Amino acid sequence: MKRAVLEALKKNKDIFISGEELSKKIGVTRTAVWKHIKQLKEEGYEIESVSRKGYRMIKEPDTLDANALEIEVASKHIGRKIHHFESIDSTNTLAKKMAAEGAPEGTVIIAEEQTGGRGRLGRTWESPKGTGIWMSIILRPNIVPTEATKITQITAAAVAMGLRSIIGDDVGIKWPNDIIIHKKKTCGILTEMSAELNSVNYIVVGIGINVNVDPNEFPEEVRGVATSIKAYTGMIVSRKNIVKEILHAFEDLYLDFIEKNHIEKSMEICKKYSVTLGKQVKIRTRQKEVIAEAVDLTEDGQLLIKNELGEIEKVLSGEVSVRGLTDYV
Ligand code: ADP
């Protein structure tokens, strides 16, 4: 019921809606409406109430509360069900557990804080409270396991498009899984899957975005490579709005792939906004580091490099980290 009140207020932003209208619409008494409004106010919503006019939403808090986010995202597929947590060890870990227990495609897990956020290859992902977007999406694509890298590229394209629509042109993609602002990392993507030899059971794609994070609060080794949207824009930015833009962009690109086997648009975005292609980069594996020119992406989202002999080689994303020669990018 509280959700219905919230939905009505959100849909009628800036105009008054009377207690009577609300009570009729939702099918509860005016006292119940009043109680829900009181609760919403306690949660940080600024709602004006004027006698004979009714209620009007003035300002919403930037919590990622599931009700508010589901209303905001209003999606049929990706994000139709959102689970929100104050604190969690890792959204990917919980998403995998829920996927294994049958949670449907499009389910989103989002947390204010991760206490055990993960990067690739056992690395840590810093996820301070209330200032970032730490979320995971459960997917059940009918693909073979080797195609999972495409999901990372679709996600990178979606995050880049979502962020560009809000903060503009300085957003780039560092192959294969980082989103960059001004040569520093503002978002990381972690794709994990459960699969048989020839089929995928589920994929979980984790997206961690430093939104209003103060990068000075990161540990030393992260501080050097990380930035946040606030550090870039100088303003607090609405996390809710960013989630909405990214999930919409993701849904478009993902359904294009699943329903039409069409990955070209995502790859075009990954190439167009790449901060890796056309550069000399260091390719690090566990065993060695080589310097090569990053020349192109394959249609599967793998990197093509030109080695020192001038030969073109394919680099598989699962095994490597890419760094610039002097900077992170
Ligand atoms: P890579 O940068 O090689 O692709 P990952 O994608 O696995 O590595 O990301 C993990 C790394 O990202 C960590 O080792 C750390 O250096 C850095 N990192 C951790 N937390 C954050 C954060 N919130 N923002 C930016 N970078 C981070």
Side-chain angles (χ1 to χ4, degrees), residues 78 120 137 139 141 143 146-191 203 205-209 225 227 232 242 245-284 290-307 310-329:
I78 304 296
R120 296 185 304 156
I137 309 169
L139 303 171
I143 57 174
T146 48
E147 283 188 297
T149 51
K150 292 181 182 170
I151 301 291
T152 308
Q153 299 308 298
I154 291 170
T155 311
V159 174
M161 292 309 283
L163 291 184
R164 290 177 79 88
S165 75
I166 293 169
I167 61 170
D169 291 346
D170 279 335
V171 179
I173 303 174
K174 174 173 155 295
W175 184 87
N177 68 327
D178 293 335
I179 305 300
I180 299 296
I181 300 179
H182 275 175
K183 297 191 171 182
K184 286 192 163 180
K185 183 157 157 179
T186 197
C187 163
I189 294 162
L190 177 65
T191 307
I203 290 182
V205 52
I207 303 172
I209 310 175
V225 300
T227 189
Y232 168 74
I242 296 176
E245 292 297 330
I246 289 176
L247 292 185
H248 285 178
F250 182 85
E251 180 166 290
D252 280 352
L253 295 172
Y254 178 72
L255 291 182
D256 229 26
F257 173 50
I258 291 307
E259 290 172 357
K260 301 186 206 138
N261 200 20
H262 190 269
I263 187 82
E264 288 77 2
K265 192 167 167 203
S266 294
M267 291 317 304
E268 212 179 285
I269 295 168
C270 287
K271 285 186 193 183
K272 188 167 171 195
Y273 301 130
S274 174
V275 296
T276 310
L277 295 181
K279 284 211 190 115
Q280 292 287 115
V281 290
K282 290 186 219 159
I283 313 272
R284 292 183 186 162
V290 294
I291 293 179
E293 186 190 342
V295 286
D296 205 355
L297 298 180
T298 67
E299 58 177 20
D300 290 349
Q302 308 293 8
L303 180 66
L304 295 177
I305 55 167
K306 195 191 269 181
N307 65 22
E311 300 157 343
I312 301 293
E313 278 179 49
K314 188 149 93 176
V315 180
L316 301 182
S317 58
E319 306 153 9
V320 300
S321 291
V322 176
R323 295 286 183 272
L325 294 192
T326 48
D327 294 305
Y328 177 67
V329 169

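What you see is a predicted model, and the numbers here were worked out from it, not measured in a lab.
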*For side-chain hydrogen bond (donor to acceptor under 3.5 Å, both in side chains), just list the numbers for Thr191 and Thr152, CA-CA rounded to whole Å, side-chain angles, deciding distance to a tenth of an Å, and then say yes or no.*
CA-CA 6 Å; Thr191 307; Thr152 308; 2.7 Å; yes

Spatial distance of atom [atom1] ([X]) from atom [atom2] ([Y]) [nearest 0.5 Å]:
X      : Y      : atom1 : atom2 : result
Thr146 : Asp300 : OG1   : CG    : 7.5 Å
Leu303 : Cys270 : CG    : SG    : 12.0 Å
Phe250 : Ile154 : CZ    : CD1   : 6.5 Å
Ile151 : Ile258 : CD1   : CD1   : 5.5 Å
Ile180 : Ser274 : CD1   : OG    : 10.0 Å

*Start with the C-alpha gap between Asp178 and Val322, add the side-chain angles, then the distance that decides, and say whether side-chain contact (heavy atoms from CB on, under 4.5 Å) holds.*
CA-CA 10 Å; Asp178 293 335; Val322 176; over 6 Å; no

*Passing option when Asp296 is tested against Lys271, Lys306, Lys314 for salt bridge (Lys or Arg N to Asp or Glu O under 4.0 Å)*: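 Of the listed options, the one satisfying the test is Lys271.
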
Report yes if the side chains of [X] and [Y] come closer than 4.5 Å at any heavy-atom pair, otherwise no.
X      : Y      : value
Met267 : Glu264 : no
Lys279 : Val329 : yes
Pro141 : Tyr254 : yes
Val281 : Thr276 : yes
His182 : Thr227 : no
Val295 : Ile312 : yes
Trp175 : Val320 : yes
Arg120 : Leu190 : yes

*Passes side-chain contact (heavy atoms from CB on, under 4.5 Å), Leu297 versus Leu304? Steps please.*
CA-CA 6 Å; Leu297 298 180; Leu304 295 177; over 6 Å; no

Minimum-distance pair of heavy atoms, taken over all atoms of [X] and [Y]:
X      : Y      : answer
Gly301 : Gln153 : CA-CG, 3.7 Å
Ala292 : Asn307 : CB-CA, 4.4 Å
Leu253 : Ala157 : CD1-CB, 3.8 Å
Ile179 : Ala156 : CD1-O, 3.5 Å
Ser317 : Thr149 : OG-CG2, 3.3 Å
Val159 : Cys187 : CG1-SG, 3.9 Å

*Stepwise, does the side-chain contact (heavy atoms from CB on, under 4.5 Å) test hold for Met161 with Ile269?*
CA-CA 8 Å; Met161 292 309 283; Ile269 295 168; 3.7 Å; yes

*Return yes if some donor-acceptor pair links the side-chain N/O of Glu251 with the main-chain N/O of Ile78 below 3.5 Å, else return no.*
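Pair found, side chain donor or acceptor close to backbone of Ile78.
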
*So, does Gln280 use its side chain to make a donor-acceptor pair with the main chain of Leu325 at under 3.5 Å?*
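Not confirmed, Gln280 side chain does not pair with Leu325 backbone.
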
*asked:* Run the ring pair (Phe, Tyr, Trp, His ring centres under 6.0 Å) test against Tyr273 and tell me which residues pass, sequence neighbours left out.
replied: none

_Member of Lys183, Lys184, Lys185 meeting the side chain to side chain donor-acceptor pair (under 3.5 Å) criterion with Tyr328_ = Lys185

*Any chance NZ of Lys282 has more than 12 other-residue heavy atoms, nucleotides or ligands included, within less than 6.0 Å?*
yes

*Is a salt bridge present between Arg164 and Asp169, judged by a nitrogen-to-oxygen distance below 4.0 Å?*
yes

*asked:* Pair Ile203, Ile143 - check side-chain contact (heavy atoms from CB on, under 4.5 Å), show working.
replied: CA-CA 10 Å; Ile203 290 182; Ile143 57 174; 4.0 Å; yes

*Run the ring-centre check on His262 versus Phe257 and record whether the distance is less than 6.0 Å.*
no

